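Shown next, in structure tokens, is the structure this report addresses.
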Amino acid sequence: MLGTNYIKILRLNLTDKTISIERRDDLLRDYLGGLGIAAKLLEENVKPDKDPLDPGQPLIFAIGPMNTYFPVVSKVACTFRSPLTGNYGESHAGGRLAMSILSAGYDALVITGKSDRPVYLSITNSSLKFEDASYLWGRPVEETGQILRDREAHIGSGKRSIIRIGPAGEKLVRFAAVNVDTYRHFGRLGVGTVMGSKNLKAIAIGGNNTYHAANLKDYSRLFHQIFRHINSSPVMKKYHDLGTLQNILPLNAIKSLPTRNLKTTTFEHAEEISGESMAEELLLRKFACVSCPVACIHVGLLREQYHPGHDYQYKRIVYDYEPVYSLGPMIGVGDKKDILTLIDKVEEYGFDSMSIGPILSWMTEAYEKGLISEQQTGIPLAFGDVKSYLDVIDRIVRQENQFYKDIGDGVAEASKKYGGEDFALHVGKNEIAGYHTGYGALLGYAVGARQGHLDNAGYSFDQETRDYDFDKLILDIIVEEQNRDFLQTLNICLFARKVYMDKQLVSDCLKSLGINRTPEELIQLGERIWKLKNQIKGKLGFNQNDIKFSKRFFETETMHGLLDESRLYELMQQYIKKRDEIMESIPGL
Amino acid sequence: MAKVLKAPRMEACISCLNCMLSCARVVWKSLSVERSSLRIRTVGGFQTFNVADTCLACPYPACAEACPTKALEVRKGGGITVHPEVCIGCKDCIEACINKSLKFDEELRLPICCTYCGICTHFCPHDCLEMGDTEE
């Protein structure tokens with residue numbers, strides 16, 4: 001992509017502080033970029049016999065050939081071995097990172113080893129430094145950003161990206177996230193924990209490299225066409241107007257909003273925390289990732305009294321559907337300011353905001369049922385009790401006793417030890433996303449590359465379906481995941497999936513940049529990467545039959561009523577059969 | 001009166017950088033965050049505000065006055081026109097620029113100055129930028 005004939009990889013070893021730069025034409029040819037090369041590099045570098053937090057495990061970031069060149073092509077793919085699940089780890093983030101990696105002159109970063117003391121990486125097109133970060137260790141995410149913005153002023157404001165972890169990642173809490181440019185994240189599966197295990201606090205990256213399209217005329221024409229299309233698209237307007245939080249009311253109306261540890265799927269305070277209400281009362285401004293005219297990033301205003309009397313401060317807190325679901329309905333919190341206060345704390349410590357809700361909600365129910373007591377938790381717990389949740393989050397970071405250390409391993413491990421597995425809301429050890437829509441969502445969680453996450457739009461098929469055609473559902477889930485693998489190999493934001501699903505359009509875009517791929521080859525690319533990811537999972541010990549669903553999933557209504565447990569296991573068997581058939585039919589290289 | 005670029009509605013800026021990318025793409029025929037005559041940045045991280053560093057189109061441009069070879073010609077109505085053939089790359093203009101919006105491109109060995117073409121205004125999805133008249 002940078003040269004259009006090879007992938008340029010920067011390899012950094014944190015143990016001995018060595019650097020090497022590698023060019024790989026085979027990676028470009030076979031895996032193109034983004035998720036494709038990140039998955040392949042993981043397969044080549046991961047150590048299946050070693051712990052996910054072993055220094056030898058790689059942490060990989062990759063951009064794709066269309067990043068920054070085209071509207072809404074703004075993501076970076078990250079792969080690693082997940083400390084939360086022990087298996088395949090993948091996460092995606094936007095912000096300025098893709099542009100910054102591009103202008104620093106690399107397609108991919110492969111980070112291995114462990115520094116003897118905390119470091120951060122400073123990377124530009126003309127410099128590479130392992131910098132001391134001892135003074136940053138223990139500092140929250142925003143303060144770390146503030147210090148690094150000054151330290152790394154040489155890269156230039158507006159041209160750089162600073163990604164960093166908070167205390168959660170440092171303490172090796174297994175659901176720690178990486179903050180990207182204040183308002184974006186590599187959120188899922190403990191990528192922040194992996195950075196923490198390497199004593200890597202942050203990466204500041206940027207540069208001045210300039211590139212040229214192979215065919216400027218075609219490139220400009222395509223850019224303008226897509227730019228206009230996106231600006232006039234009603235789908236994109238939805239993401240811009242209320243953002244992802246617009247999901248609250250519709251999901252609540254169809255009984256699919258996981259509430260109070262999924263005891264119910266409707267929330268009596270849905271109106272109060274809806275995208276509409278948040279926008280009217282607290283929306284402060286919107287942001288976009290580089291090259292995206294949509295601006296789905298919604299920032300809310302939190303005015304807080306910091307001292308008795310009339311002393312206030314204001315904070316600017318980013319909100320989206322998933323963190324609001326997780327720190328709102330899931331734990332019974334129905335006040336939007338309370339939710340922003342919780343998000344703020346979770347952001348500053350650097351947790352995965354999607355995991356922490358199901359963890360807190362499990363703790364609350366386990367406490368209600370007497371499986372755990374104040375002896376472990378230190379304080380009483382109750383759904384909706386914001387004060388104790390804020391306190392508990394502090395305790396998780398402090399790891400103050402064995403219980404909180406166990407909580408730091410995620411809800412699957414904690415419930416195995418303390419009981420309450422029947423209501424621990426994870427699939428394959430990853431805490432679930434905010435959809436209890438039906439068989440599609442649950443099957444999607446179970447078979448998606450990441451488990452528990454949104455890899456294949458199962459929740460969306462549920463919403464489009466009245467009467468299930470299960471054969472079709474299984475095939476839809478497979479094809480959608482392959483499609484997403486294709487889109488994420490180009491690092492296209494999934495919010496623009498309907499625009500870029502047109503493979504002829506993507507083929508034309510690539511051609512204008514000097515890369516020839518037919519639409520058929522692009523379809524095959526998605527299939528091949530899907531297969532590769534399944535193979536990596538196998539190599540890391542994943543067995544689909546090990547997936548067990550908590551009873552709670554079948555005790556609570558979805559938009560399709562109560563789900564039948566044995567039906568879901570049958571579906572998983574049918575899926576395995578279909579998956580194996582399709583895997584077989586995809587040619588190897 | 002000449003048209004110049006203004007950024008009167010930066011409160012609506014979403015940081016997408018499409019203005020910068022369009023300047024680089026259309027005026028400078030490249031993909032670059034460096035090769036753009038305007039720059040969008042925050043004043044202290046995303047929690048603060050966005051500002052646009054644009055050519056002020058000064059009536060008596062300090063950059064042109066600093067140029068030893070007259071590569072920067074004062075434009076009628078304010079601002080400058082760059083004559084690349086006589087630029088020696090001394091960067092005195094960059095030093096002199098009042099708001100440091102003038103940047104030097106090391107690869108082209110030229111100052112990257114606004115051409116007052118207005119292309120960036122067409123790619124701002126939030127209408128933050130506009131072409132306006134210079135002050136009397």
Side-chain angles (χ1 to χ4, degrees), chain A residues 67-72 74 95-96 99-100 102-103 125-126 142 145-146 148-150 156-160 162 181-184 206-213 216 219-220 223-224 227 230-231 236 240 284-297 299 314-318 513, chain B residues 7 9-54 94 100-101 103-110 112 119-129:
Chain A
N67 265 130
T68 314
Y69 274 100
F70 285 99
V72 206
S74 56
R96 284 181 172 160
M99 173 195 81
S100 301
L102 178 69
S103 44
N125 49 321
S126 56
E142 182 52 24
Q146 278 164 16
L148 287 180
R149 282 193 285 274
D150 287 340
S157 172
K159 301 196 299 181
R160 71 184 165 203
I162 298 175
D181 302 331
T182 307
Y183 289 138
R184 299 288 87 189
N208 301 333
N209 275 9
T210 292
Y211 303 95
H212 303 277
L216 182 69
Y219 165 57
S220 295
F223 183 99
H224 299 177
F227 189 84
I230 284 169
N231 276 330
M236 300 312 264
H240 171 76
L284 195 57
R285 60 179 312 184
K286 298 173 190 176
F287 274 113
C289 301
V290 172
S291 85
C292 173
V294 176
C296 76
I297 306 170
V299 180
Y314 67 99
K315 291 181 175 172
R316 292 136 291 199
I317 314 296
V318 68
L513 304 179
Chain B
R9 288 175 294 276
M10 284 304 288
E11 70 279 5
C13 176
I14 57 171
S15 273
C16 70
L17 311 190
N18 271 302
C19 52
M20 290 169 61
L21 294 169
S22 69
C23 181
R25 184 175 66 247
V26 178
V27 181
W28 299 95
K29 317 283 182 216
S30 53
L31 180 99
S32 169
V33 280
E34 193 69 5
R35 205 167 285 170
S36 161
S37 68
L38 79 163
R39 167 155 304 147
I40 306 300
R41 60 181 174 87
T42 68
V43 294
F46 281 107
Q47 292 219 8
T48 63
F49 305 100
N50 285 5
V51 292
D53 296 336
T54 64
I94 310 292
K100 300 296 170 214
S101 67
K103 298 280 185 243
F104 191 77
D105 189 298
E106 294 291 347
E107 200 183 326
L108 297 177
R109 304 292 303 161
L110 278 178
I112 299 291
I119 189 73
C120 53
T121 65
H122 298 297
F123 284 94
C124 177
H126 270 212
D127 198 27
C128 303
L129 307 171

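No hydrogens, no waters, no symmetry mates; every other heavy atom, side chains included, goes into these values. Remember, it's a predicted structure, so these values are computed and weren't measured experimentally. Labels below follow one simple rule: chain letters A, B, ... track the order of the sequence lines, proteins then strands, and each chain is numbered from 1.
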**OP:** Identify, with sequence neighbours excluded, every residue that meets ring-ring contact (aromatic ring centres under 6.0 Å, His included) alongside Tyr183(A).
**Re:** Phe287(A)
Original post:
With only heavy atoms counted, which part of Ser103(A) is less than 4.5 Å from chain B, the side chain, the backbone, both or neither?
Top reply: side chain
**OP:** Identify the heavy atoms of Gln47(B) and Arg316(A) that sit nearest to each other, and give their distance.
**Re:** O-NH1, 2.7 Å
**OP:** For residues Pro125(B) and Asn231(A), report the shortest heavy-atom separation together with the two atoms involved.
**Re:** CB-OD1, 4.1 Å
Original post:
So do the side chains of Thr210(A) and Leu108(B) get within less than 4.5 Å of each other, counting heavy atoms only?
Top reply: no
Subject >> Side chain / backbone / both / neither for Glu142(A) at chain B, heavy atoms under 4.5 Å >> reply: side chain
Subject >> Portion of Glu107(B) that has a non-hydrogen atom of chain A nearer than 4.5 angstrom >> reply: side chain
**OP:** Kindly say whether Cys13(B) contributes a backbone atom to a donor-acceptor pair with the side chain of Arg285(A) at under 3.5 angstrom?
**Re:** yes
Subject >> Distance (rounded to the nearest 0.5 Å) between Ile297(A) CD1 and Cys16(B) SG >> reply: 11.0 Å
Original post:
Val26(B) and Phe223(A): side-chain contact (heavy atoms from CB on, under 4.5 Å), yes or no, with the steps?
Top reply: CA-CA 11 Å; Val26(B) 178; Phe223(A) 183 99; over 6 Å; no
**OP:** Calculate, to the nearest 0.5 Å, the distance between atoms OH and OG belonging to Tyr211(A) and Ser32(B) respectively.
**Re:** 9.5 Å
Subject >> Which atoms of Arg25(B) approach chain A - backbone, side chain, both or neither, heavy atom under 4.5 Å >> reply: both
Original post:
So which of Arg35(B), His126(B), His122(B) has the biggest tally of heavy-atom pairs under 4.5 Å with chain A?
Top reply: Arg35(B)
**OP:** Identify which part of Ala213(A) has an atom lying under 4.5 Å from any heavy atom of chain B, answering side chain, backbone, both or neither.
**Re:** neither
**OP:** Please report the shortest heavy-atom distance between Arg96(A) and Ser15(B), naming the atom on each side.
**Re:** NH2-OG, 3.7 Å
Original post:
Under a 4.5 Å heavy-atom cutoff, which of Asp150(A), Thr182(A), Val299(A), Asn208(A) has the most pairs with chain B?
Top reply: Asn208(A)
**OP:** Taking the side chain as every heavy atom from C-beta outward, state whether Thr68(A) and Leu17(B) have any atom pair closer than 4.5 Å.
**Re:** no
**OP:** State, to 0.1 Å, how close Ile14(B) and Pro293(A) come at their nearest heavy-atom pair, and which atoms those are.
**Re:** CD1-O, 3.7 Å
Subject >> Smallest separation among heavy atoms of Asp181(A) and Phe46(B), with atom names >> reply: O-CD1, 3.3 Å
